Structures are given as C-alpha cells and as structure tokens.
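Below is one structure, written out as structure tokens; the observations come after it.
Not measured: the values here are computed from a predicted model.
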Amino acid sequence: MSAHNIAGIRQDYIKTSLTENDTAANPFDQFQRWFDEVLKSEASEPNAMTLSTVDAAGKPHGRIVLLKGFDEKGFLFFTNYESNKGQELQQRPYAALTFFWKELERQVRIEGTVTKATETESDEYFNSRPASSRVGAWASPQSRVISSRSVLEQREQELHQQYPDGNVPRPGHWGGYRVSPTRVEFWQGRASRLHDRIVYVKEENGNWRKERLAP
C-alpha cells in the first residue's frame with residue numbers, strides 16, 4: 001500500500017456520545033461500565049492493552065499484554081520479572097495502559113505508578129493457568145537472545161518430563177504487576193473528529209477530578 005493510500009484511510013465515528021453526566025464519579029466504576037459493555041459486544045480480546053514503559057535512558061517501549069483483574073487498587077497483569085518490561089519497571093516504576101475497542105469506537109488511557117502484586121495474587125493466578133502455560137513460564141528466558149526455537153522446545157520437553165502430573169510451581173521470576181492510576185481518560189469517537197474525551201485526575205487528597213478535554 002502506498003503512502004498516498006494510507007493517508008486516505010479514515011472512518012467517521014457515529015455510534016454514541018459521552019458526556020460528563022454519562023460518566024461515573026470515579027474512573028474504576030466508569031471502567032467497569034465500559035468493560036461490561038465491551039464484553040457484551042463480543043469484541044475480540046477485550047482485555048488486550050498496550051503497556052508502555054520507559055527504560056533507564058528515557059526511551060519508550062510498548063507491547064500488548066492482557067489485563068487480568070482490576071479494582072480500586074489498580075489494574076493487574078502478569079509477566080516475567082526478568083523480561084525487558086520487568087527491568088524497565090524495576091528502574092522506573094511508572095506505566096501507561098491503552099485499550100482500544102474498535103467495535104464500540106472507544107479508547108481508555110491509564111497512567112500511574114507500578115508495584116508488584118502480592119505473592120498470593122501471583123500464586124493464585126499462576127495456578128489457574130493451563131499446565132502448558134505454566135511450563136512456558138519456566139521454558140522461556142523472556143526477551144533474551146536464543147539461538148533457535150529448538151532451545152525453547154527442548155526446555156519445554158524437559159519440563160513436561162520433570163512435572164508429568166502438570167503440577168508446575170510458579171517461578172520466582174514470574175508474577176504480577178499492578179498499575180495504580182493517577183490519570184484515566186475515556187475517549188468516545190464522534191463524527192468529524194470532534195471526539196468526546198473525559199479525564200479523571202487524582203488529586204493530592206485522593207479524590208478524583210473529572211474534566212472534559214478538547215479532541
């Protein structure tokens with residue numbers, strides 16, 4: 001596809017609107033409303049989100065991960081602590097999450113501080129995973145250079161032999177992170193690119209301030 005053709009790609013958003021009165025008093029209740037609606041829409045991978053981090057040199061990095069839980073403490077995902085993103089979060093414990101639900105013409109942007117989940121939370125989620133996924137957490141030295149795929153396949157085979165009953169323990173280098181938001185923006189696509197944007201900003205007293213942003 002030529003650059004000219006790419007520049008011509010556009011879609012007008014006309015499904016619904018978003019006003020201050022439409023939104024909940026806090027971003028967690030509002031996210032719950034929208035997440036319930038995206039689940040009903042049968043959108044593909046509704047919990048997929050872009051996780052953005054910054055390394056020690058100030059360079060940004062982004063990748064797709066899966067949301068595995070949320071409440072008023074924050075938004076939870078799991079990964080290898082020794083991966084690139086794990087090292088970046090160790091150095092700079094701040095992150096941004098972005099959801100895009102094209103079926104509903106909606107986007108949610110979350111920014112906040114990051115802490116590790118508790119050992120209990122990590123154990124509970126790890127033990128809920130299929131045995132093959134638990135083996136994969138051990139088999140992959142995530143983000144490191146490997147000579148070929150056979151390295152992973154051989155390690156996977158060894159682990160299946162080591163744990164034939166599928167009772168695979170959680171590696172110490174694997175677990176959860178929680179993003180505790182300080183800013184959450186809800187974006188609803190509108191016609192003529194005059195989108196609705198409602199942002200919640202956490203104040204020093206812990207309350208949430210709600211404002212409309214220009215598109």
Requested in this report: Test side chain to side chain donor-acceptor pair (under 3.5 Å) on Ser150 and Ser148 and set out the steps.
Outcome: CA-CA 5 Å; Ser150 63; Ser148 68; 2.5 Å; yes
**Report entry** Between CZ on residue Phe78 and CG on residue Leu67, distance to nearest 0.5 Å
**Finding:** 10.0 Å
Report task. Determine yes or no for a side-chain-to-main-chain donor-acceptor pair under 3.5 angstrom, with Ser122 supplying the side chain and Gly176 the backbone. Result -> yes
Report task. Say whether, by atom type as modelled, one donor and one acceptor occur between the side chain of Lys15 and the main chain of Glu103 under 3.5 angstrom. Result -> yes
Report task. Could you check if a side-chain atom of Leu76 sits within less than 4.5 angstrom of a side-chain atom of Tyr125, using non-hydrogen atoms only? Result -> no
**Report entry** Atom pair OG1/CD1 of Thr98 and Ile64 - distance to nearest 0.5 Å
**Finding:** 8.5 Å
Requested in this report: Could you walk me through whether Arg33 and Thr23 pass the side chain to side chain donor-acceptor pair (under 3.5 Å) test, one step at a time?
Outcome: CA-CA 9 Å; Arg33 290 181 187 177; Thr23 53; over 6 Å; no
**Report entry** Student check: side-chain heavy atoms of Thr50 and Leu97 closer than 4.5 Å
**Finding:** no
Query raised in the report: Under 3.5 Å, side chain of Gln87 to main-chain N/O of Glu82, donor-acceptor pair present?
Result: yes
Report task. Look at the side chain of Arg178 and the backbone N and O of Ala117, then say whether any donor-acceptor pair between them is shorter than 3.5 Å. Result -> no
**Report entry** Validation row: Phe70, Phe28 side chains within 4.5 angstrom (heavy atoms)
**Finding:** no
Query raised in the report: Side chain of Asp22, backbone of Thr19: donor and acceptor closer than 3.5 Å?
Result: yes
Query raised in the report: Just wondering, do Lys116 and Tyr177 contact through their side chains at under 4.5 Å, heavy atoms?
Result: yes
Report task. Just do the side chain to side chain contact (heavy atoms under 4.5 Å, CB included) check on Trp101 and Val108 with the steps written out, would you? Result -> CA-CA 9 Å; Trp101 298 316; Val108 182; 3.8 Å; yes
Query raised in the report: Any chance the side chains of Arg155 and Ser140 put a donor and an acceptor closer than 3.5 Å?
Result: no
Query raised in the report: Is a side-chain N or O of His61 found less than 3.5 angstrom from the main chain of Val54, in a donor-acceptor match?
Result: no
**Report entry** Atom CZ of Arg193: over 12 foreign heavy atoms under 6.0 Å
**Finding:** yes
Query - Gln30 side chain to Ala24 backbone, donor-acceptor under 3.5 Å - result: yes
Query - Pair Phe31 + Phe75: ring centers closer than 6.0 Å - result: yes
Query raised in the report: Crowded around Gln154 CD? As in, over 12 foreign heavy atoms under 6.0 Å?
Result: no
Query - Shortest non-hydrogen contact from Pro181 toward Gly74 - result: CD-CA, 4.0 Å
Report task. Verify, without hydrogens or angle tests, whether Ser52 (side chain) and Gly62 (backbone) share a donor-acceptor contact under 3.5 angstrom. Result -> no
Requested in this report: With the side chain counted from C-beta on, respond yes when Arg170 and Glu119 share a heavy-atom pair under 4.5 Å apart, and no when they do not.
Outcome: yes
Query raised in the report: Do Leu39 and Phe100 sit in the same hydrophobic cluster, where Ile, Leu, Val, Met, Phe, Trp and Tyr count as joined when their side-chain heavy atoms come under 4.5 Å apart?
Result: no
Query raised in the report: When clusters are formed by joining ILVMFWY residues with side-chain heavy atoms under 4.5 Å apart, either directly or through shared neighbours, do Val184 and Trp187 land in the same one?
Result: no
Report task. Please round to the nearest 0.5 Å and tell me the distance separating atom OG of Ser128 and atom CG of Asp123. Result -> 11.0 Å
Report summary line: Heavy-atom closest pair (Arg212 atom, Leu18 atom, distance to 0.1 Å) is NH2-O, 2.8 Å
Query raised in the report: Tracing side-chain links under 4.5 Å among I, L, V, M, F, W and Y, which residues wind up in one group with Val135?
Result: Trp138, Leu159, Tyr163, Val168
**Report entry** CZ-OG1 distance between Arg92 and Thr53, expressed to the nearest 0.5 angstrom
**Finding:** 10.5 Å
Query raised in the report: Side chains of Asn84 and Glu88: do they bring a donor and an acceptor to under 3.5 Å?
Result: no
Requested in this report: List the atom of Asn47, the atom of Phe99, and the distance in Å for their closest heavy-atom pair.
Outcome: O-CE2, 4.1 Å
Query raised in the report: Which residue pairs pass the side-chain hydrogen bond (donor to acceptor under 3.5 Å, both in side chains) test with at least one member in residues 104-115, sequence neighbours excluded?
Result: Glu37-Arg106, Arg106-Gln188, Arg109-Glu185
Requested in this report: Provide the closest heavy-atom pair for Trp174 versus Arg129 in the form atom of the first, atom of the second, distance.
Outcome: CZ2-NH1, 3.4 Å
**Report entry** 4.5 Å side-chain heavy-atom contact, Pro171 and Phe126
**Finding:** yes
Query - For the student: nearest non-hydrogen atoms of Pro46 and Phe35, plus distance - result: O-CE1, 3.6 Å
Query raised in the report: Would you call Ile110 and Met49 a side-chain contact if the rule is heavy atoms closer than 4.5 Å?
Result: no
Query raised in the report: How many angstroms lie between CH2 in Trp208 and NZ in Lys202, if you round to the nearest 0.5 Å?
Result: 5.5 Å
Query - Sidechain-backbone polar pair: Tyr94 side chain, Leu89 backbone, donor-acceptor under 3.5 Å - result: no
**Report entry** Value rounded to 0.5 Å, distance of NZ in Lys85 from CG in Leu51
**Finding:** 7.5 Å
Query raised in the report: Is atom CD of Glu153 surrounded by more than 12 heavy atoms (other residues, nucleotides or ligands) closer than 6.0 Å?
Result: yes
Report summary line: In short, Leu152 meets Ala139 closest at the heavy-atom pair CD2-O, 3.7 Å
Query raised in the report: Any donor and acceptor pair, going by atom type alone, linking the side chain of Lys210 with main-chain N or O of Glu20 inside 3.5 Å?
Result: yes
Report task. Kindly determine whether Val199 and Val201 satisfy side chain to side chain contact (heavy atoms under 4.5 Å, CB included), including the steps that lead there. Result -> CA-CA 6 Å; Val199 64; Val201 180; 4.2 Å; yes
